[in-house]
Every structure is written in C-alpha cells, then in structure tokens.
Amino acid sequence: MALRIGDTAPDFEQLSTHGLLRFHAWKGSSWTVLFSHPHDFTPVCTTELGEAARLTPDFAARDAKLLALSVDTPERHAAWAEDIAAVSGHRPSFPIIADHDREVAHLYDMIHPNAATTQTVRATFIIDPRNAVRLIQSYPNAIGRNFAEILRALDALRLTDAEPVVTPVNWRNGEPVIAAPHLADAELLRRFGAPLATDLPYLRRVAQPALA
C-alpha cells in the first residue's frame, strides 16, 4: 500500500555504506530526507549525489539528515563515490542504503511497474522528528531533482510547524508569508503586527517570523 502524507515512515534494517542501518534509531529526533536512485554509475544519479553532498551542511543546519538509496551493493556504492567526488568535488558523507533485495523500495513504494519493474523511481520523502511522512515527490528516472526545492520545502515545513502561517507560491526563506486562515485578526495583530497587505479577507500577508 502506498505511503501518504501523514503516515508513519516504516522502520527498517538494511546494509548501507555506514554499515547496518536501523532507520528509526539512526534518524533519532531529526528531520530526514530519504531519496532513492535507480542504479549506481548512472549519469543523473551521479549529479544528484554530488549536489546532495555539497548541500549536506545546509541540511544539517536545519537539523535534517540525508539518506540515499540505490539497489546496488555497498561495495558498488563505495566505488561510485569516487566518481561522484570527481565530478562534483564533494564526496557523500551521508549513508547510501544498499537495497539489493528491494525491501525498502517496496516498503516505500519506490518501484512503479509501469515505469520499470526492478528500478526505483526518483522518490523523495521528507520525514519529521516524529517519524511522520510530510512530503512525497516522485520523478521519472530521466529527470534530475531540484535540491534547492527540497531545502525550500523543508524550510516551509519547519516554519509552518512552528508558527500559524502558510507559505505562498514560490515562497523562499525570508520572504512574506500568509497568516493561517483560522487566525483571528486580533491574534494576528498580537503575533505579527499589522499585516503587510490584505489581498482578501482570508489572504493576509505578514512578515516571516524568524526560522530557527
């Protein structure tokens, strides 16, 4: 059965480049971005792993761990890391799951038979500190992901969990946000001051609260 937003992310044990990984124990109370790749030594995946490695400090600053997955062995993952470092200048420091038996791929519904019967699609899951799935993306194998968008979405999730706001189209950290529709005007004024703009009674723009 496919995972949905709000579901508990399934726990698992699987080999990785960091040894046997027990997911929930490894994850702890951090945010986690779990993202899959169809195979090692493929061009799009190589660029994605390099970009994820480059952005690892940005995810860490948001208390988020990165966890990659491919269906190859730990030995192939280790050899592939050499190519990733050569192309991008950054070597992955996060674990890469060796999902050779596709246990995790099936748990997270990463194999879409109409796309490929043995390869995972480019699936991405953002999982919160309570192990709830908060965002799901699925890309076809030929199209690389935008990791800036994953960071943006993570910022939005953290902000909207902490404050009674929602984020408008194309929002980026530091830009105005929208007061949650259920927030009474008096409470809005107390929390955020006067709105920057009131486009509609239910669309009240306010300055973004600080994001830890």
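Heavy atoms only: backbone and side chains are in, while hydrogens, waters and symmetry mates are out.
- Cation-pi check for Lys65 over Trp26 is met; the charged atom lies under 6.0 angstrom from the ring centroid and within 45 degrees of its normal.
- Under the 3.5 Å distance criterion, the side-chain polar atoms of His18 are matched with a main-chain donor or acceptor of Ser93.
- Counting only distance, with no hydrogens or angles, the side chain of Asp72 and the backbone of Asp40 share a donor-acceptor pair below 3.5 Å.
- A distance of 8.5 Å separates CG of Leu15 from CD of Glu75, quoted to the nearest 0.5 Å.
- Linking ILVMFWY residues whenever their side-chain heavy atoms come closer than 4.5 Å, directly or via other members, places Val33 and Phe94 in the same cluster.
- Proximity of Val206 to Pro176: side-chain heavy atoms (C-beta onward) are nowhere separated by under 4.5 Å.
- Side-chain N or O atoms of Asp155 include none that pairs as donor or acceptor with a backbone N or O of Leu159 at under 3.5 Å.
- When all heavy atoms of Gln14 and His100 are compared, the pair lying nearest together is OE1-NE2, 4.2 Å.
- Heavy-atom minimum distance, Cys45 versus Arg122: SG-NH1, 3.4 Å.
- The side chain to side chain donor-acceptor pair (under 3.5 Å) contacts involving residues 78-89 comprise Thr46-Trp80, Glu82-Arg91, where partners must be two or more places apart or lie in separate chains.
- One hydrophobic cluster holds both Leu107 and Leu34 under the rule that ILVMFWY side chains link at heavy-atom gaps under 4.5 Å.
- Using a distance-only test at 3.5 Å, with no hydrogens or angles considered, no donor-acceptor pair links the side chain of Arg204 to the main chain of Ala194.
- With sequence neighbours left out, Phe23 forms a ring pair (Phe, Tyr, Trp, His ring centres under 6.0 Å) with Phe12.
- The two residues Ala2 and Asp7 make their nearest non-hydrogen contact at O-OD2, 4.2 Å.
- In this structure, the salt bridge (charged side-chain N to carboxylate O under 4.0 Å, His left out) partners of Arg134, at least two apart in sequence or on a different chain, are Asp128, Asp161.
- Within the model, atoms CD1 of Ile127 and CG of Leu157 stand 12.0 Å from one another, a figure rounded to the nearest 0.5 Å.
- Counting only N and O atoms by type, the side chains of Glu175 and Asn170 include no donor and acceptor under 3.5 Å apart.
- Within the 4.5 Å cutoff, the side chain of Phe41 has no heavy atoms near those of the Ser70 side chain.
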- Message: Determine whether Leu69 and Ile96 satisfy the following criterion, side-chain contact (heavy atoms from CB on, under 4.5 Å), listing intermediate values before the conclusion.
- Response: CA-CA 5 Å; Leu69 175 147; Ile96 306 173; over 6 Å; no
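- At least one side-chain heavy atom of Leu151 sits less than 4.5 Å from a side-chain heavy atom of Phe59.
- Listed by first and then second residue, the ring-ring contact (aromatic ring centres under 6.0 Å, His included) pairs involving residues 144-179 are Phe35-Phe147 (not counting sequence neighbours).
- Between the Glu48 side chain and the Arg145 main chain, a donor and an acceptor come within less than 3.5 Å of each other.
- Distance CD1/Ile143 to CG/Asn146: 12.5 Å, rounded to 0.5 Å.
- Using a 4.5 Å cut-off between side-chain heavy atoms of Ile, Leu, Val, Met, Phe, Trp and Tyr, with links allowed through other members, Val166 and Leu188 fall into different hydrophobic clusters.
- For the atom pair CG of Asn131 and OG of Ser30, the computed distance is 10.5 Å after rounding to the nearest 0.5 Å.
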- Item | Working for side-chain contact (heavy atoms from CB on, under 4.5 Å), residues Ile126 and Trp31 | CA-CA 7 Å; Ile126 297 182; Trp31 290 83; 3.8 Å; yes
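- A heavy-atom distance below 4.5 Å is not found between the side chains of Thr73 and His77.
- Leu200 contributes atom CG, which lies 9.0 Å from atom CZ of Arg205 (distance to the nearest 0.5 angstrom).
- Under the salt bridge (charged side-chain N to carboxylate O under 4.0 Å, His left out) criterion, Glu51 pairs with Arg54, sequence neighbours left out.
- Thr167 places none of its side-chain heavy atoms less than 4.5 Å from the side chain of Ile178.
- In the hydrophobic clustering of this structure, Leu154 does not group with Val133; members are Ile, Leu, Val, Met, Phe, Trp, Tyr whose side-chain heavy atoms approach within less than 4.5 Å, directly or through other members.
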- From CA spacing to verdict: side-chain contact (heavy atoms from CB on, under 4.5 Å), Glu149, Gln137: CA-CA 11 Å; Glu149 167 59 15; Gln137 292 178 335; 4.0 Å; yes
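- Between Leu55 and Ile150, the closest side-chain pair of non-hydrogen atoms is not below 4.5 Å.
- Closest approach of Pro92 and Ile84 over heavy atoms only: CD-CG2, 3.9 Å.
- With hydrogens and angles ignored, the 3.5 Å screen pairs no side-chain donor or acceptor of His37 with any backbone N or O of Leu49.
- The backbone N or O of Thr124 sits nowhere less than 3.5 Å from a side-chain atom of Tyr108 that would complete a donor-acceptor pair.
- Contact between Gly6 and Ala132 at its shortest, heavy atoms only, is O-CB, 4.4 Å.
- Note that NE2 of His24 is 9.0 Å distant from OG1 of Thr32, once rounded to the nearest 0.5 Å.
- Counting only distance, with no hydrogens or angles, the side chain of Asp109 and the backbone of Leu3 share no donor-acceptor pair below 3.5 Å.
- Residue Val177 is not grouped with residue Leu203 when hydrophobic side chains (ILVMFWY) are merged at heavy-atom distances under 4.5 angstrom, including chains of intermediate members.
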- CA sep, side-chain torsions, deciding dist, call: Leu211, Asn173, side-chain contact (heavy atoms from CB on, under 4.5 Å): CA-CA 8 Å; Leu211 180 59; Asn173 187 20; 3.8 Å; yes
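- Judged by distance alone, with hydrogens and angles left aside, the side-chain atoms of Thr56 form a donor-acceptor pair with the main-chain N or O of Ala52 at under 3.5 Å.
- Proximity of a side-chain donor or acceptor of His39 to a complementary backbone N or O of Val71 within less than 3.5 Å is not detected.
- Checked against salt bridge (charged side-chain N to carboxylate O under 4.0 Å, His left out), Arg191 has the following partners two or more places apart in sequence or in another chain: Glu163, Glu187.
- Thr160 and Val165 get closest at one heavy-atom pair: CG2-O, 3.2 Å.
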